[in-house]
Amino acid sequence: MIQTQNLEKVYRTDEIHTTALNKVNLEVKAGEFVAVMGPSGCGKSTLLNLLGLLDDPDAGSLVFNGTEVARFSERQRADLRKRSIGFVFQSFNLIDELTVLENVELPLIYLGMKNPERRRRVEEVLEKVQITHRMNHYPQQLSGGQQQRVAVARAVVNQPPLILADEPTGNLDSSNGNEVMDLLSELNRQGTTIIMVTHSEHDARNTHRIIRMLDGQTIMTEATVSQAQASMVL
Amino acid sequence: MFQNYFKIAYRNLLRHKGFSFINIAGLALGLTACLLLGLFVYDELQYDKFLPEGDRVYRVYNNVTSEESTDQITCVPPMFGTTIQENFPEAETVLRIIMQPWEGKSLVEFGDKRMYEKGGLISDPTFFQVFPLKFIYGSPEKALDDPTSVVISDKFADRVFGNVDPVGKKISIDKSSFLVKGVFESNPKFHIPVNFVVNLAIMQLEPERMKSWGWQQFYTYVKLKKGTDANLLQTKFRAEVKKQIDPETHKPHNYEPVFQPLKEVHLYSASFKFDQSLRGNITYVKALSVIAVFILVIACFNFVNLATAKSLQRAKEVGVRKTIGASRGQLMLQFLGETLLLTFISVVFAAALTSLLLPSLNAFTEKEMSFNVFSSPGLLLLLLGLLLIVGILAGLYPALVLANFKPVSVLKGGLASTNGPGKTPWLRHSLIVLQFSLSVFLIICAVVVYQQVSFLHNKDLGFNKDQIMFFEMRGNNMYQNYETFKTELLKSPDIASVSIGYGFPGDATAGDGIYITKDGQRVNHSITHLMVDYDYIKTLGLEMQAGRWLSKDHPTDKDAAFVINETAVKELGFGTPEKALGQKMEWPIWGATRKDSTKKGEVIGVVKDFHFKSLFDKVDPAILQIFPGANWKVAVKMKGGNVAGAINHVKAVWDNFSPEYPVEYKFMDDNFEVMYKAEDKLRTLLWIFTGMAIFVGCLGLFGLAAYAAERRKKEIGIRKILGAETSSIVTLLSKEFLKLVLIAAVIAMPLAWYAMSKWLQDFAYRIDIPLWVFGAAVILAGVVAFLTVSYQALRAATLNPVKNLRMD
């Protein structure tokens with residue numbers, strides 16, 4: 001589903017050049033659940049932003065479903081994002097002025113989906129993350145775990161083939177964190193490809209494989225137990 | 001989608017009440033100022049537009065050039081009209097109106113009704129052909145063909161006849177009988193404040209007199225045939241004037257006739273002489289338009305500033321929307337829409353506020369402006385236009401900024417691109433500088449205008465205008481027995497002195513020639529004639545510079561003595577006041593049956609210059625002499641203490657002499673107040689709108705200061721923990737803004753100086769712009785800005801530092 005070749009990102013200020021990503025090559029197949037780990041500043045989030053087309057690479061190639069997208073225009077990228085990629089953030093990033101229902105509805109609005117259908121889809125996905133009873137509440141009225149479930153609901157409401165999650169459990173206690181991980185695993189089982197940046201070994205162990213990064217490079221990929229289990233099942 | 005935008009906009013509005021209030025209040029005030037001034041300006045531009053075919057009507061005035069200056073004289077000789085009529089077939093109709101005071105009152109009598117009416121015109125019978133006013137009764141054709149016919153205004157008709165058709169009825173005007181031939185509809189937008197019109201023939205002017213090229217006594221209008229080039233005709237007419245005058249006078253004339261389009265008469269004649277039209281002043285109209293735009297711009301800048309400052313708070317939303325797939329265009333549309341919503345609310349408030357304030361403005365400007373959105377599609381369209389212009393002006397830039405946020409950086413909470421450490425928000429700062437430049441500019445102008453207008457009111461005029469009752473003599477008995485009338489008046493212990501004559505300060509004066517002998521040659525000089533009596537000096541409190549005043553003790557003073565003013569000494573070339581004494585002069589007596597009949601005499605005294613006209617004009621050279629034939633006005637100097645007693649005495653004496661005329665008087669100082677009415681109004685309007693501009697500007701500053709304090713909460717907390725005192729924190733936060741106000745002052749000062757110097761040039765007597773005005777303006781702007789900012793700074797500085805730091 002995703003291939004990168006010599007992907008590079010350099011941050012420049014007046015005097016300092018910081019290489020955030022240094023010739024990263026990786027491949028993620030459709031249906032995979034991949035964890036990206038590494039110390040702070042190693043380039044995990046930068047990688048995720050590039051894969052999500054939120055930022056442009058300085059060099060290298062990025063192929064999404066067989067199409068080279070590294071040089072896509074702003075408009076093309078926005079279009080690809082809204083159809084094919086869902087995002088989940090550590091800090092939830094819900095819009096405070098909108099209710100749960102309205103937050104989850106937003107991607108469908110941008111897709112131009114009309115109302116009875118839109119409403120049905122939103123309720124369906126809220127049901128899935130078990131937050132229906134709170135759908136008319138504002139984000140500040142929810143617990144962290146609930147907020148992250150709403151964020152996940154928003155990420156999947158338009159059924160994107162790929163979900164990018166940036167430390168989705170980072171702001172949650174362990175029980176809420178587990179709930180969110182279960183939700184992601186369930187989505188993965190239903191066929192969604194997930195790439196997740198995390199600091200948590202525990203969470204990472206629940207994915208298929210772990211990509212470890214250091215100083216802007218991928219240094220190693222290891223299969224996890226779940227991967228072995230998955231293989232066995234297959 | 002739009003529903004979603006609207007929802008967000010609405011909730012944001014409610015959530016950030018303070019900012020919404022500042023934005024809406026600022027915009028609403030700015031728009032109100034703009035609407036009110038706009039209505040005023042629009043009204044000023046409407047004069048004479050209602051007249052059909054008015055684009056073919058021109059007023060003929062004269063540029064008269066003397067050694068010192070060129071004056072626009074609206075009164076021209078009778079021959080101007082005659083010549084145009086006879087020589088130029090391009091002229092369809094010519095109209096002459098004789099110059100006499102339109103404010104002067106005529107006694108109108110009908111049955112047992114007696115009342116004074118002003119606005120009487122004595123005109124060629126072509127009046128209603130050139131100015132086709134709407135007739136309510138009668139018809140304009142031949143309405144003025146008869147010397148004893150009169151056409152009256154609907155208001156006149158209402159007062160005298162009530163609600164009936166008066167055509168065919170006879171009325172008496174100043175004791176002569178007239179037949180009412182028509183009633184026209186008054187129009188407040190007609191530059192001539194006409195109330196009734198009679199035929200010029202009633203004056204029975206001698207045909208010889210009407211052939212004069214020197215008697216500048218007629219307002220002259222001409223209606224041209226379709227397709228006539230007025231400029232070309234003007235050139236041809238100038239040549240014709242030259243051809244006719246120069247051979248007659250044996251010297252080059254100093255006339256330059258100008259054809260002034262009717263639509264320019266009201267606004268472009270402010271400095272014209274002898275013009276009695278309802279005049280506006282294009283300079284003031286332009287100035288007020290500029291101020292309206294200033295205030296609106298300040299309000300828009302507030303919006304831009306606050307919106308960009310607040311954009312950080314919207315950044316997350318932008319990031320999320322972009323991540324989810326919103327395009328830049330969609331986001332811009334959203335934010336622009338929010339501005340439009342806010343502007344819409346402001347427009348609604350502004351419209352309401354305008355309706356509320358308009359009656360006061362109407363009363364103040366003596367206008368009848370209306371503001372009814374629902375009955376006027378044009379107004380609705382204007383409001384819509386304003387909404388779009390302001391919405392886009394204020395909303396475009398913030399929308400652009402917001403839509404350009406990079407989702408990666410905003411979602412991480414860092415927004416280095418717009419407001420990193422050490423980076424100046426240059427746009428925000430430039431806008432503050434611009435806003436305060438406009439404010440400082442307006443403050444300086446307001447103070448200078450205030451000073452100049454006060455100067456006009458308080459300048460020593462060289463005479464004492466206080467407690468002088470002033471009226472026109474009425475009735476033959478009063479005219480013929482003026483000396484007894486005067487003696488009777490003086491019998492009251494409350495009356496100090498009485499003067500009867502023609503040519504009192506602030507009233508009509510006459511210009512005419514005087515002959516002096518210079519190097520053996522008899523030379524004619526144009527000079528102002530003040531026809532006085534022995535008590536003129538005492539009544540007005542004039543001072544002599546040399547020689548003596550006219551006195552009964554010198555029997556020859558009546559027929560052979562002249563007093564001149566200091567300016568006349570210079571203009572006539574006498575050198576010093578002392579040298580002027582004894583100079584011979586000769587004056588062609590008014591109304592003399594023989595053309596060569598002159599009054600010969602010598603200068604017996606020089607009076608100190610006094611301002612018998614407004615301070616717009618320099619003191620003209622004047623000659624003061626006794627000539628009872630011109631007696632017209634009475635000035636009664638009261639002792640004070642018992643003003644009512646003095647007035648009652650005057651009334652009683654009046655009733656003894658002319659019981660057939662109701663008593664009618666005013667006070668001389670009122671004449672002078674009226675002269676500066678336009679300037680008085682400008683002064684007040686300037687103060688009000690300058691106040692509004694400053695207020696709106698401060699609203700914005702207040703919001704920005706709140707934002708700055710918010711943004712630097714953490715810094716303030718750390719500083720406090722390290723030992724900073726409240727005062728040092730207030731200084732820290734205020735300094736940034738005060739610096740901007742100073743820069744603004746530096747920009748505004750030279751501009752204000754230039755604008756005010758230009759304005760002051762219109763006044764013959766003016767103040768020097770005092771330097772302290774600039775200092776005061778800066779201090780005022782600075783203090784207001786400091787108070788605005790320091791409130792927020794103080795609030796931030798007194799917060800518990802631990803609280804401030806906990807947010808991280």
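None of the values given here were measured: they were computed from a predicted structure. Letters A, B, ... mirror the listed sequences (proteins, then strands); counts begin at 1.
- The heavy-atom pair separating A:A78 from B:A326 by the smallest distance is CB-O, 4.1 Å.
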Full working for side chain to side chain contact (heavy atoms under 4.5 Å, CB included) between A:L94 and B:V320: CA-CA 7 Å; A:L94 298 173; B:V320 171; over 6 Å; no
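- Along residues 59-66 of chain A, no residue comes nearer than 4.5 angstrom to chain B, judged on non-hydrogen atoms.
- Listed by chain and number, the residues in a ring pair (Phe, Tyr, Trp, His ring centres under 6.0 Å) with B:F21 amount to none (sequence neighbours excluded).
- Counted within 6.0 Å of CD on A:Q5, heavy atoms from surrounding residues, nucleotides or ligands total 12 or fewer; the atom is thus considered open.
- By the 6.0 Å contact criterion, CG on A:D215 is open, its count of non-hydrogen atoms from other residues, nucleotides or ligands being 12 or less.
- Of the residues considered (A:L54, A:N93, A:D55), A:N93 shows the highest number of contacts with chain B, using heavy-atom pairs under 4.5 Å.
- The nearest pair of heavy atoms linking B:I324 to A:R154 is CD1-CD, 3.5 Å.
- In this structure, the separation between OG1 on B:T323 and CG on A:L164 is 10.5 Å, given to the nearest 0.5 Å.
- Counting non-hydrogen atoms of neighbouring residues, nucleotides and ligands closer than 6.0 angstrom, the CZ atom of A:F72 exceeds 12 such neighbours.
- In this structure A:E102 satisfies the side chain to side chain contact (heavy atoms under 4.5 Å, CB included) test together with A:L98, A:T99, A:E105, B:K7, B:R11, sequence neighbours excluded.
- Applying the 6.0 Å contact sphere to CZ of B:R328 captures no more than 12 heavy atoms from other residues, nucleotides or ligands.
- For B:R795, the CZ atom sits in a loose shell: 12 or fewer heavy atoms of surrounding residues, nucleotides or ligands are nearer than 6.0 Å.
- The stretch residues 129-153 of chain A places A:Y138, A:Q140 near chain B, each with some heavy atom under 4.5 Å from a heavy atom of that chain.
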